[in-house]
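This one's a predicted model, so the numbers in the text were calculated from it and none came from an experiment. Chain letters run A, B, ... following the sequence lines, proteins first and then strands; every chain starts at 1.
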There are 4 protein chains.
Amino acid sequence: MSTSDPAGNRPTATTSVTARGGRPRRGRRPAAEVRAEVLETVARMLFHGGLTAVTFDKVAAASGASKTTLYKWWPSPGSLAAEAYFAGVWNELGFDDTGDIEADLASQLRAFVHLMTREPAGRVARELIGAAQTDPDLRAAFVREYSLPRRDEAITRLRRAQDRGQLAADAPLTALVDQLWGACYHRILLLNEEPDDRLVDDLVRTVFHGAGPRGTADA
Amino acid sequence: MSTSDPAGNRPTATTSVTARGGRPRRGRRPAAEVRAEVLETVARMLFHGGLTAVTFDKVAAASGASKTTLYKWWPSPGSLAAEAYFAGVWNELGFDDTGDIEADLASQLRAFVHLMTREPAGRVARELIGAAQTDPDLRAAFVREYSLPRRDEAITRLRRAQDRGQLAADAPLTALVDQLWGACYHRILLLNEEPDDRLVDDLVRTVFHGAGPRGTADA
Amino acid sequence: MSTSDPAGNRPTATTSVTARGGRPRRGRRPAAEVRAEVLETVARMLFHGGLTAVTFDKVAAASGASKTTLYKWWPSPGSLAAEAYFAGVWNELGFDDTGDIEADLASQLRAFVHLMTREPAGRVARELIGAAQTDPDLRAAFVREYSLPRRDEAITRLRRAQDRGQLAADAPLTALVDQLWGACYHRILLLNEEPDDRLVDDLVRTVFHGAGPRGTADA
Amino acid sequence: MSTSDPAGNRPTATTSVTARGGRPRRGRRPAAEVRAEVLETVARMLFHGGLTAVTFDKVAAASGASKTTLYKWWPSPGSLAAEAYFAGVWNELGFDDTGDIEADLASQLRAFVHLMTREPAGRVARELIGAAQTDPDLRAAFVREYSLPRRDEAITRLRRAQDRGQLAADAPLTALVDQLWGACYHRILLLNEEPDDRLVDDLVRTVFHGAGPRGTADA
DNA sequence: CGATAAACGAGACGGTACGTCACGTCTTGCC
DNA sequence: GGCAAGACGTGACGTACCGTCTCGTTTATCG
């Protein structure tokens with residue numbers, strides 16, 4: 001999520017978080033250690049107070065990192081929150097392939113809706129999307145790290161269904177993704193309603209079979 | 001947008017904004033006059049600096065109203081911005097009925113996309129949606145004043161088409177609205193892309209005719 | 001304390017404070033009734049929150065009088081508080097005359113010190129004196145209603161002692177009052193100390209017998 | 001006057017107020033520099049508008065310091081005004097020792113009265129004493145920085161006179177100070193009158209020779 | 001005795017100050 | 001040299017009070 005990672009090393013468990021009980025550390029510390037502590041702290045703060053609780057001031061006070069350091073690694077509190085968030089919920093949504101594309105889509109959408117509406121993870125996700133509309137750094141990070149990868153996953157799965165003849169050869173796959181996930185986002189972000197199973201079923205059925213008049217010869 | 005309007009009278013052009021050149025008014029002024037001046041000012045500020053430029057401090061300084069008054073009428077800067085925004089762009093999107101539901105939907109979606117992506121109105125709209133994810137007052141106002149009315153408009157138009165046999169009798173109208181508009185929102189808010197005419201066409205075609213394999217007997 | 005009392009009638013118990021349990025009174029009410037309720041309320045507020053708790057806003061809310069009315073009768077919150085205060089502690093300090101001027105002065109000073117240092121009356125008195133240094137209306141009222149009358153009382157008692165030969169014929173009575181009471185005020189207001197009985201004894205003895213070297217011929 | 005001075009260094013003329021003509025400084029500046037500019041500004045404000053003109057908002061605007069900084073160094077506007085005031089009028093009243101204690105006391109009292117009654121310094125002093133009755137921080141600062149030191153000065157001078165046999169060996173020195181200065185404060189603060197030379201003479205004479213009946217054997 | 005004017009309550013309004021918080025910049029002192 | 005610590009200017013927040021002013025209601029007074 002961060003713009004640059006000179007060391008190239010994501011913090012691992014092996015990199016020392018050792019001197020935890022010591023006196024308030026000063027002087028130079030390994031970047032990885034600092035980053036790890038910060039992200040851990042931010043994840044906790046996100047969980048408790050939501051996105052608005054993540055300020056550089058509070059993070060600095062709670063994590064032991066200095067504001068100078070935070071500014072060096074993250075362009076805005078939103079970016080920092082986003083990285084901490086993704087590091088946590090990452091990989092939570094794997095795309096099944098049972099062979100039944102409609103069922104797989106429905107179950108995937110249901111899992112997605114559940115993630116977006118349960119507390120506190122869902123609230124944080126919604127707040128991140130919200131903040132991204134104002135914070136360009138956050139928006140770029142969000143698209144790059146979340147939206148595009150997840151869209152690609154979905155398209156990959158759809159293309160496989162297409163290859164199997166479960167979708168029309170000229171089906172606009174990208175538009176289908178927009179339609180299916182976008183409908184859920186619409187409910188959640190714009191209407192403040194929680195999508196139910198009924199909606200998911202309707203979405204999938206319409207996408208595959210259309211909502212036009214029955215018996216009509218589809219041109 | 002505001003929670004209560006004791007006088008019950010939305011400010012109109014007729015209500016005196018007369019004593020403009022006078023001394024800096026003290027004491028009680030008609031609520032309608034104050035509200036009108038504030039909303040006018042906020043609209044200008046939205047146009048120039050976007051949503052983040054709308055702070056109670058700046059609005060008070062620029063409109064001649066006091067912060068006390070602003071807090072009395074609006075629970076948050078976002079709510080104020082929303083009301084000013086809707087008072088301006090309201091009714092900009094009228095739903096045509098040429099008899100051809102697919103064409104009407106497409107043209108309506110195209111107009112909507114244009115509104116959401118042109119500057120500065122589109123940016124403000126996106127920022128409002130974003131802020132609504134954090135500000136409960138703004139969210140409530142947004143849903144009440146914008147999302148629900150526009151969805152009702154769309155459903156009304158779709159129901160008419162349904163009555164004419166242009167849609168299946170059991171078509172899930174609400175879900176269709178989510179699918180069509182939600183897809184555009186998905187592109188704009190989540191992916192930071194501008195929906196093109198191609199997308200709109202794909203959306204409408206899929207909704208009416210499905211993207212399943214051709215020649216399939218639609219169950 | 002108030003600048004004018006057109007009706008000339010201080011509120012008495014007979015003037016109706018009747019409709020107490022009724023609906024929240026509006027429209028014209030007898031001035032005396034309004035004034036009485038206000039002063040009663042302010043006395044309570046002074047007792048609980050001190051002088052700073054007496055604001056026109058709070059008094060209006062608590063007394064049922066409107067701010068308009070308060071501004072009509074009192075020039076500042078301080079003046080209002082002063083009037084309410086004096087209406088309460090008035091006449092609390094009567095000057096005894098046992099024939100022993102030194103003993104009478106000492107007991108009078110002790111009573112005065114006790115009044116000024118016990119809570120909450122003493123705190124309010126100190127705050128009133130403090131506020132009078134900034135609020136001209138309050139200062140004028142304070143001097144007129146409190147300082148001068150009490151000084152006159154003291155001078156009257158001293159002159160009687162002088163007539164009896166208990167004080168030098170050319171004793172500067174006004175200066176003596178300044179010395180005796182002023183010394184206590186000095187301790188309380190300037191040094192934030194509580195005058196003790198020892199101080200009072202020293203003051204009286206010095207005033208009557210001097211602190212110069214013993215055996216000296218008083219020129 | 002401030003509670004703590006971490007750097008331990010009172011601002012001096014040598015500490016750089018150099019970069020005055022530069023751009024509006026951001027980031028950290030030396031505390032001494034900031035404090036010096038603030039106190040200078042406040043002294044000017046006190047001179048022109050009195051104590052009520054010293055608000056944190058105005059000081060911040062006029063001095064270039066931020067409200068945050070002001071709150072960090074001073075607990076209330078009154079404390080700030082007090083420090084600025086004392087930094088200015090400090091040392092204005094030196095205690096002479098001509099050998100004639102009565103004459104020295106009289107001249108010292110006259111100088112004190114003059115300081116307390118001339119404009120604008122006297123008005124500010126009275127307002128400070130007034131505000132100290134409500135503001136505990138200001139009261140503590142006032143007592144610590146002004147009242148006690150000045151009383152100690154006076155007692156020192158009186159003790160010297162006592163050692164020379166110009167005062168009774170058992171003369172209550174502290175009470176004498178209360179009597180002499182307190183009498184002047186009484187006139188000024190409580191009675192709103194300006195002490196004249198006559199008063200000062202009467203005070204000193206009474207303190208040394210008593211106001212009791214002449215020829216009486218002083219018990 | 002009914003109309004009218006005065007006094008009141010309620011409270012909105014423009015100002016101003018309060019005290020707090022976060023941002024982004026900058027300096028100092030450890031390590 | 002990099003980092004913590006944290007002070008600094010900026011500016012917004014939400015609240016409180018002041019003093020002015022408008023409105024509708026009630027009462028006392030007078031035609």
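Under the 4.0 Å criterion applied to side-chain N and carboxylate O atoms, D/R35 and D/E83 are assigned as salt-bridge partners.
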Test log, rule side chain to side chain contact (heavy atoms under 4.5 Å, CB included), inputs C/V124 and C/L51: CA-CA 6 Å; C/V124 172; C/L51 182 59; 5.5 Å; no
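Listed candidates were F/dA4, F/dC13, F/dG19. Nearest to the side chain of C/K67 is F/dG19. Relative to the side chain of A/D57, the nucleotides F/dA4, E/dA22, E/dT20 differ in distance, and E/dA22 lies closest. Comparing E/dG14, E/dC8, E/dC18 by their nearest atom to the side chain of D/T55 picks out E/dC18. Among the nucleotides E/dC18, F/dC17, F/dG14, the one closest to any side-chain atom of D/F56 is E/dC18.
Nearest-nucleotide mapping onto DNA chain F: of B/S76 and D/T69, the residue sitting toward the 5' end is D/T69. If you find the closest nucleotide of DNA chain E to B/T68 and to A/Y71, the one lying nearer the 5' end belongs to B/T68.
D/K72 places its NZ atom 13 Å from the C1' atom of E/dT20, with the value rounded to the nearest Å. The separation between D/L80 atom CG and E/dA17 atom P is 14 Å, rounded to whole Å. Rounded to an integer number of Å, the gap from B/D135 CG to F/dA12 P is 17 Å. E/dC13 atom P lies 10 Å from atom CZ of B/R35, rounded to whole Å. In this structure, D/K58 atom NZ and E/dC18 atom C1' are separated by 13 Å, rounded to whole Å. Atom CG of D/L70 and atom P of F/dG9 are 8 Å apart (whole Å).
Within the 4.0 angstrom heavy-atom criterion, only backbone atoms of the sugar-phosphate kind lie near C/A65; the bases stay farther away.
Dashed line: the shortest gap from a side-chain N or O of C/W74 to OP1 or OP2 of F/dC18 is not under 4.0 Å. When the side-chain nitrogen and oxygen atoms of D/W73 are compared with OP1 and OP2 of F/dA7, none of them lie within a distance under 4.0 Å. Taking side-chain N and O atoms only, C/S66 has no distance below 4.0 Å to OP1 or OP2 of E/dG11.
Contacts between residues 41-53 of chain B and DNA chain E, defined by a heavy-atom separation below 4.0 Å, involve no residue at all.
In summary, the side chains of C/D135 and C/S76 do present a donor paired with an acceptor at a separation below 3.5 Å, with no hydrogens or angles considered.
A distance-only check finds no donor-acceptor pair linking the side chain of A/E127 to the backbone of B/T134 [under 3.5 Å]. Under a 3.5 Å cut-off, the side chain of D/T69 and the backbone N or O of D/A65 do not form any donor-acceptor pair.
Looking at residues two or more places apart in sequence or on another chain, you find no ring pair (Phe, Tyr, Trp, His ring centres under 6.0 Å) involving C/F47.
Within the 4.5 Å cutoff, side-chain heavy atoms of A/V42 are placed close to those of A/L80.
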